[in-house]
Each structure stands twice: as structure tokens, then as C-alpha cells.
Q: 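Next up is a structure, given as C-alpha cells.
Residues take their numbers from the sequence shown, with the count starting at 1. The structure displayed is predicted, hence computed values, not measured ones. These numbers come from the heavy atoms of this one structure, side chains and all, not from hydrogens, waters or symmetry mates.
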Amino acid sequence: MPTLIIDGQTLEAPAGITVLQACELAGVEIPRFCYHDRLKIAGNCRMCLVDLEKAPKPIASCAMPVADGMVVHTHNDRVQKARRGAMEFLLINHPLDCPICDQGGECDLQDQAMAYGMDKSRYHEEKRAVPEKEMGPLIKTVMTRCIHCTRCVRFAEDIAGVPALGAVGRGESMEITTLGRPVASELSGNIVDLCPVGALTSKPYAFHARPWELEKTESIDVLDAVGSNIRIDGRGAEVVRILPRLNEDINEEWIGDKARHACDGLKYQRLDRPYIRYQGDLKEAPWDQALCAVAERFHQPETLAAIGGPLADLESLFVLKTLLDASGVTRYDGAGGGVFPRDNRSRYMFNTTIAGLESVDALLLVGTNPRWEAPLINARIRKRYTQNALPVALVGEAVDLTYPYDHLGNTAEVLRGLAKGAVPFAGILKKAQRPALILGASVLARSDGEAIYAYAADLAESVGIITPDCVGFNVLHHNVGTLAALDLGFVTQGGQQALFDAVRGGAVTTLYLYGADDVPTDVLEKAFVIYQGHHGDKAAHYADVILPGAAYTEKQALYVNTEGRIQEALPAVTPPHLAKEDWKIFRALADHVSGVSLTYRTLEEVRLAMVQHYPALAVRDQCPTPSWTRFPQSPKTLDKAPLVYPISNFYQTDPISRASKTMAECARVFVYGGQNPDDKKAVA
């Protein structure tokens, strides 16, 4: 390891790191604008200049590798003069926009100008002006502020895999541009976080608030099954914005655009009081009256069925299951239509783990489009590809995943050929040291879902994806409610399709929908519908009784991500008006159902009872250790129908994002080609 001296401190640094990184290891702060830990080095801004003994001039520490015997000075007069000069040049054309800039209070340029700049300007000529650029519904531009750090360009090309940004012109005429096209990436909002000067800011958040006005709450995103760590910024009763939190094991420091910008949907179409349908119309009702109307339906448990929705949390689903079991109700499901093997938790989890994808050396995707189902997982796959040219193959419809792959076909029959070794990619999997298979959860909702799962498991066992030392078999879920239902056993034989058939056949006359909206219309029309949720979404229009619940930003709750990692969400704001946390509604309902007694009164008591029944749920913030047993052989018949992905519109997948005006505009621009989705000419 090279040994160098930084400000008189002797340090051994790992070979290959830069002087800037070595200074950080020594606890010395180096200012920078263009450098970022996760992006390629550019060396544009020159703010990271340090004095290297025997060097003729100050060096850019972000681009200089460490060498044995280096003597570095980071705060002598020469360095300070160089940094003041660099800052003076950066500010020459920068407008005096701080009073009206959304970056104010969070601006790297402000902070570093105070710490390293001069107290006056010597520039009196005219400042340049740059036209604004169109970057889509999420990114607001004031390109006159741009200092050409190129962070946005490097993120779009390297991380997001969408080379939509670039530079044109030279010198003072240089501009960052998209050539008039919006940035079509599910991760585009992250370039706003990366921009150090306010040239790129959040368009939906523009002029809404200053950072010091906001109450900040660390929480979890639940709009997909990744479980990204987020910070919710609220003001009063409103969620103003959502930002990412650092978690190297899950989302690093990125989040998807839906997780970031769907929060405005929390303001619209909210259910904030109970309703009962009288003579065809929904009328407001007191809580006791609404609960009594629901409790009457529990007197005939054999005719009642319950369905859990995609945003269900563990505690609420546990209390609901306890209530149903105590009432004698046997028909319930929350697995989203899929039939999953539950004899082993590893059979329906993402066993490789999200961070573990960075060590995979061959990958097979079956019936999944991770770019829309889990953008952060897709970013990890791309990261692995850019590092080591990861060989990837896809069974399913050919789509743009932002990295190259072998398209093996779009039917499940390909799995049979892979298992027999008739497809060349099977040889790549066998030769790999750490291969992995990702199976889309949606394929298990097909009529041949069990057969597809069995073939995928057979393939994984035969080519070495599953070994005694490593389980590379993964199921990629696209909502957290399915994981909660599987862990709690909130499933029924035959899945939701069996429940729907029971309604159509007349055996079930009452449907209790806990945030479940993807229910066929003919089923909703034939049943007495109890809807509990936080948005007046699809199924709420057919409800006979509505019980208003709380959204994920309004309650303390545990959620399971696709890895099986249990994380806690915390309330940033209070539920609107008369809405209540879901577990409390189920608990209050139990008091109205005769013969049912639930002893717990607090959330902590609910969690203790849940852990007693399901000990695996006691471990927080850790992925379970995979344990695989040989998959049982069974007759398998595959359907020749093409594999279809569950998400055709990334921006509107749940009640919150469907109520969001920002997500509706994103869908119009990116999914429907700029046309209204109701227009028959819209391109799907």
C-alpha cells in the first residue's frame, strides 16, 4: 500500500484510490462540484485542487492516483489562492438567483462560496444567458446557473443507462442539453439531487417550500417491493417532497421517480370519513354505525371473503387475519393472484439480495421487466454489467432494460429447452461461478404458474444456480402486500381466482377489500363490498361500506421487501380528518363482532403477538439466510401463450400514484407518447 503524507499526517492508502479519497480517509475535507463517489471522474470544476510537493502547479485531487512518497498540502496559501480563483471563475456567469432558487439552503455552491470563495467580485462585464431546456414533467431547468460539472450527464449515461443528456459547444458557448427530448428514465429525479448549483431542480416541488420549513422523517417507500429508504419532508398536514436516504444494501443513494414524485397523490381522492350506501348513494356515517354494518356480515362467515391489497403492512394484515380466523372466515388472500410455494420462505424471496447482484456473473430473467417492476434492482444489474460485462438473458417480451441481453424467446417453453441444455445460454449458466435466476412473480398468476415455477426451479438446480453454498434463485415481487400475505399465511387454496369464482358462483356474497382495487368489475357488482383504504380508487366506487384508512406516510408500520427484509415506516403527517390506522380499524371492528375478543390494545402488543405466531418476523433490517430443499417433481404442462409483464404503465401502479397529477403527466409523456391516455389514438 502506498504511503503518503497529508498535511503532516502519514497515511497508508489502498492502491488505486485518488488523492481526494486519501484525504477523506485522513479526515480532511476537500471541496468539489464535479466529483461524486458513484460517477466516473471528470475533473471539470477544479475546486478540489491541492498542493503536491515537487509538482509545478496545484493538482486536481479527484483525478490524481495516490503514489508512494507523495507529500500533499490541502490548506496552505497556494491551495487557498487556487480555490478562490476557481470559485471566482465559477461565479463569473452565475446569476444572483439565491432568493428565488429552490436549491437555496441546500446548495453546494452557496456553501463552498462561503467557505472557499472571495468576499467580492471583480467581474463587471455582461453575464452570459443560456436558454432553458425541456427535460420532461419532473425536472425544472435554469441553465444559466449551470457550471458544467456534468454530473447529470454521467448519471444518465452510466447509472440510468439513458444517454439523453450531453454537452454542445465549447468554452463559454458550452451548454448541457437534451436536444429537446425529455429525460425518459425511471431514475431521472436523481439528477436533481446531484446538481450542485440549482440548474436542475424538481419541477413539481418548484416554489413550494424552503428546506428549513420542513419536518423531516426517515421512512420506507412501499410503492414497489424494493423497500427504498426515503426521507419524507412534511409541512403541516401535507407531504411536500420525498428524497432518498443512503442504504448501500438496498437503494444506495437513489430512488425511482414514482417513489419520489407520487407523493402529491396523497392530497387527492382521499377517503377521510366512513360511508354507507343508502338507496344507491354513498352517505357519510359515524364510525360506530359503519362498523356495525360491517360486523353484521361476519355473522355468516362462510359467505365472506377478504382480499389484501398491494400496500398492506404486516401489523394490519396480521390483525385482519386474526379477526377472520376468530370469526370462522376461511376465504382470504393477499398474494396478488399468484400461487406461491410456502413450504420454504426462500422459495418466494429474492435470495441473492439486491446488493448481492454485484457479485453475480451470469443472470437469467424469466417473465420480468425489472426496469418497471423494480428500477433500483435494474440499476444494480446495469451496474454489474458496466463493471464486468455481465451476461444477461431474458425469457419474455423484448424490452429496453438499459443494458444488452440475449432474448431467448417470449414463451415458457424456453425453460424446457434450457433445462435440457438445448439453449446455448444454459452452458453460460453452468460455467458461471455465481449464476442467478430472477423469476417474475406475475408469471405465477398464470394457469400454468406452478409448472413455470417447477421448470425454473429444476433449471436452477441442474445448472448450479442453487448449490449448498449459494441460492441464486430469486422471485421478484412488485408490491409489498404480497410479501406480507405470504409471510403471514394470508393466502387460500387456488389464490384470488378461487375467491372470484366463489363470488360468481354465489358461495361468497360479501367481499372485504383491504386496499385491494384490482378486482374484476363483474365480481364487484355481484357482491356486497366493504372497502377499507386511503384512496377512492377503482374498487371504492363499488363499495357498500367504506372505512377510511391511513397511507404509508401517516402510520407506523412494518413492511417486507422482496428480499424478505423487514423495515419500519414512520408517520410524517397525520391521517386526514376521521381516517385511522388500519390495524386500529380491524381492532375496533373486532369489538363489534360477537364471539371475537382481541386482547391487544397497542401497536407494540400487536407486534409481540405477531412475532409469537411468526418468529421469522422478529428480525429487522436483515435479509433472511436462504435455505433450499430439493423442489418436488410433479407433472408439468406449459401454456404456449407469451409471458406478459404485470406493469404496462410504470407511473400509475397503485392508488397513490393513480391519484397523482405528476404521475399522470409522466404517463402522458412517457407511456402514451404525449397524448391523452383516453384518446383512442394514444400509443400504449
Q: When rounded to the nearest 0.5 angstrom, what is the spacing between CD1 in I546 and CD1 in I276?
A: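 Reported to 0.5 Å precision, the distance equals 10.5 Å.
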
Q: Between D102 and K203, is there a salt bridge with N-O shorter than 4.0 Å?
A: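 Here K203 does not pair with D102 in a salt bridge, since their nearest N and O are not under 4.0 Å apart.
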
Q: To the nearest 0.5 Å, how far apart are OG in S597 and CG in L323?
A: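 Between atom OG of S597 and atom CG of L323 there are 11.5 Å.
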
Q: Is R273 salt-bridged to E284, going by a charged N under 4.0 Å from an acidic O?
A: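 Answer for the salt bridge query: yes.
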
Q: Looking at K555 and D582, does any basic side-chain N land under 4.0 Å from a carboxylate oxygen?
A: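 Here K555 pairs with D582 in a salt bridge, since their nearest N and O are under 4.0 Å apart.
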
Q: Using 4.0 Å as the upper bound for N to carboxylate O, is an ion pair formed by D654 and R658?
A: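 Salt bridge between R658 and D654, a charged N being under 4.0 Å from a carboxylate O: no.
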
Q: Taking atom OH of Y512 and atom CD of Q532, what is their separation to the nearest 0.5 Å?
A: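 Taking OH in Y512 and CD in Q532, the distance rounds to 4.0 Å.
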
Q: Could you tell me which residues satisfy side chain to side chain contact (heavy atoms under 4.5 Å, CB included) with T492, sequence neighbours excluded, listed by chain and number?
A: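 Listed in chain order: D333, L499.
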
Q: Return yes if a side-chain donor-acceptor contact under 3.5 Å exists between E253 and N190, otherwise no.
A: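 No, no side-chain donor-acceptor contact under 3.5 Å.
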
Q: Tell me whether E186 contacts the main-chain N or O of D257 through its side chain, where contact means a donor paired with an acceptor under 3.5 Å.
A: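 No.
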
Q: Is it true that, when you exclude E302 itself, more than 12 heavy atoms of the residues, nucleotides or ligands shown sit nearer than 6.0 Å to its CD?
A: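 Buried by this count: over 12 neighbours within 6.0 Å.
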
Q: Would you confirm whether the ring centroid of Y531 sits within less than 6.0 angstrom of the ring centroid of Y514?
A: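 For Y514 and Y531, the ring centres are not under 6.0 Å apart.
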
Q: Inspect the contact between R607 and E568 and indicate whether a charged nitrogen and a carboxylate oxygen are less than 4.0 angstrom apart.
A: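 Salt bridge between E568 and R607, a charged N being under 4.0 Å from a carboxylate O: yes.
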
Q: Tabulate below the donor-acceptor pairs under 3.5 Å that side-chain atoms of residues 477-490 make, not counting sequence neighbours, or state none.
A:
from, atom 1, to, atom 2, distance (Å)
H477, NE2, Y348, O, 2.8
N479, OD1, G481, N, 3.3
N479, OD1, T482, N, 2.9
N479, OD1, T482, OG1, 2.8
D487, OD1, R345, NE, 2.8
D487, OD1, Y348, OH, 2.6
D487, OD2, R345, NH2, 2.7

Q: Identify whether the distance between the nearest side-chain nitrogen and carboxylate oxygen of K216 and D233 falls below 4.0 Å.
A: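 Judged by the 4.0 Å cut-off on N to carboxylate O distance, K216 and D233 do not form a salt bridge.
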
Q: Hey, could you give me the CD1/OG1 distance between I377 and T562, rounded to the nearest 0.5 Å?
A: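 The OG1 atom of T562 is 5.5 Å from CD1 of I377, to the nearest 0.5 Å.
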
Q: Checking D501 now: which residues fulfil side chain to side chain contact (heavy atoms under 4.5 Å, CB included) with it, not counting sequence neighbours?
A: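 Testing D501 for side chain to side chain contact (heavy atoms under 4.5 Å, CB included), a comparison that skips the adjacent residues, returns Q497, R504.
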
Q: Does the ring centre of F318 sit less than 6.0 Å away from the ring centre of H613?
A: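 For H613 and F318, the ring centres are under 6.0 Å apart.
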
Q: Taking the side chain as everything from C-beta on, heavy atoms only, tell me whether V319 gets closer than 4.5 Å to Y600.
A: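 V319 vs Y600: side chains touch.
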
Q: Is it the case that the ring center of F473 lies less than 6.0 angstrom away from the ring center of Y453?
A: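 Ring centres of F473 and Y453 closer than 6.0 Å.
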
